[in-house]
Amino acid sequence: MKSNSRSYEAIIIGGGPAGMTAGLYTSRSRIHTLLIERGLLGGQMTTTDLIENYPGFPQGITGEELSRLMEEQAKRFGLETVSDEVMEIGLEGDLKRLRTYESTYYCKTLILCTGTEYRKLGAPGEMEFIGKGVSYCSTCDGAFFRDRQIMVVGGGDSALTEALFLTKFAKEVTIIHRRDAFRGTRIYQERARSNPKIKFLLNSVVKEIKGDTVVRSIVVKNVKTGEEKELETEGAFIFVGIAPRTQFLKGLVDMDEAGYILTDAHCETSVKGVFAAGDCRKQLLRQITTAVGDGATAAFAVEKYLEGKE
Ligand SMILES: Cc1cc2nc3c(=O)[nH]c(=O)nc-3n(C[C@H](O)[C@H](O)[C@H](O)COP(=O)(O)OP(=O)(O)OC[C@H]3O[C@@H](n4cnc5c(N)ncnc54)[C@H](O)[C@@H]3O)c2cc1C
């Protein structure tokens with residue numbers, strides 16, 4: 001290994017529940033591990049208000065608190081973390097070389113836990129007004145919209161749960177959905193329909209988001225009639241699906257057409273010694289429970305791989 005670089009037995013990219021669980025397991029097994037996270041430890045959990053389906057917390061737990069507890073537990077066993085972003089990965093024999101904004105690292109094993117991010121709508125005005133009325137995170141930005149009229153775009157669980165959360169602040173929330181029925185779980189649909197602050201604009205797509213220094217209106221088109229109308233609003237919260245954060249891994253490991261990483265049952269990718277865990281991996285369910293399960297499996301597989309190399 002190069003003398004000016006830092007080297008580890010295992011490096012984990014991403015500090016969401018998958019990465020922090022993997023780090024807890026490898027550190028507890030005395031594997032010299034570094035976890036690299038470009039944002040907040042906790043990943044998507046940090047943007048979640050209340051988590052009701054993670055076992056052990058019968059009254060639910062906030063995403064912030066669960067993130068804090070996972071971090072504390074992993075660090076108790078000596079997990080090292082660094083705030084940085086991995087830009088590129090190369091292979092040098094059995095070693096993996098990671099180039100980040102700040103440094104270069106080498107490791108014997110790598111666990112990819114990069115999660116997913118919100119898909120963009122692609123409408124004119126969307127990028128221009130991010131942070132000025134366009135948002136992808138109601139926990140982060142909801143409080144700025146107290147007593148305002150806002151729009152939520154999307155028809156799945158995220159759109160419904162975020163719209164419900166936003167009624168804590170906004171005076172009215174209109175959900176814009178391109179179909180006439182929702183894809184979201186029934187319990188969320190029922191809660192949304194019985195909430196007097198939530199209105200629905202179905203069979204409609206967003207054509208443009210307009211404003212001056214902030215969002216002022218949104219242009220929608222009815223997909224059945226073709227009619228377009230401009231509606232006044234002060235905020236547009238967009239929840240139209242997710243995409244894996246794996247762009248920078250293209251060419252390194254095998255992926256499906258959507259960019260999800262392909263692994264075997266031990267979370268090993270097409271490259272020996274490179275594992276993937278959590279939402280970035282191709283699988284049926286993407287939740288905190290599945291992410292922590294993957295993190296534990298990948299860490300155990302790392303241990304076995306390293307033992308085989310001794
Ligand atoms: C609003 C919302 C509500 C949710 N509610 C629930 C719920 O109630 N129950 C539930 O079980 N699940 C819920 N989920 C889903 C759950 O949060 C995810 O399934 C889980 O966080 C996935 O964990 P992960 O570790 O795979 O990825 P993530 O949590 O996405 O973490 C990945 C991390 O990797 C980092 N990263 C990515 N690329 C790089 C790079 N190149 N360099 C360094 N760091 C990088 C990211 O910054 C991120 O912190 C919710 C998600 C959202 C967005």
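Both ligands and their constituent atoms are indexed starting at 1 by order of listing. Quantities reported herein were computed from a predicted structural model and do not represent experimental measurements. The first residue in the sequence is number 1, and the count goes up from there.
Looking at residues two or more places apart in sequence or on another chain, you find a side-chain contact (heavy atoms from CB on, under 4.5 Å) between Lys168 and Asp49, Phe165. With sequence neighbours left out, Asp294 forms a salt bridge (Lys or Arg N to Asp or Glu O under 4.0 Å) with Arg281.
A perpendicular orientation is assigned to the rings of Phe237 and Phe145, their planes being inclined by more than 60° (bins at 30° and 60°). Note: Tyr8 and Tyr105 have tilted aromatic rings, judged against thresholds of 30 and 60 degrees for the angle between ring planes.
Scanning the protein heavy atoms around atom 31 (O) of ligand 1, the nearest turns out to be Gly16 CA, 3.5 Å.
Close contacts of ligand 1 with Ile36, meaning ligand atoms under 4.0 Å from a residue heavy atom, involve 43 (C), 44 (N). Every atom of ligand 1 is numbered from 1 in the order shown, and the set under 4.0 Å from a heavy atom of Cys113 is 32 (C), 33 (C), 34 (O). Atoms of ligand 1 found under 4.0 Å from any heavy atom of Asp84, numbered from 1 in the order shown, are 43 (C). Listed by atom number, the atoms of ligand 1 under 4.0 Å from Thr116 heavy atoms are 30 (O).
With a 4.0 Å cut-off on non-hydrogen atoms, Asn53 touches ligand 1 through its side chain and not its backbone.
Between Gln287 and ligand 1, an N or O atom pair is found at a separation short of 3.5 Å.
Note that Arg286 lies in the cation-pi zone of Tyr260, set by a 6.0 Å cut-off to the ring centre and a 45° limit from the axis.
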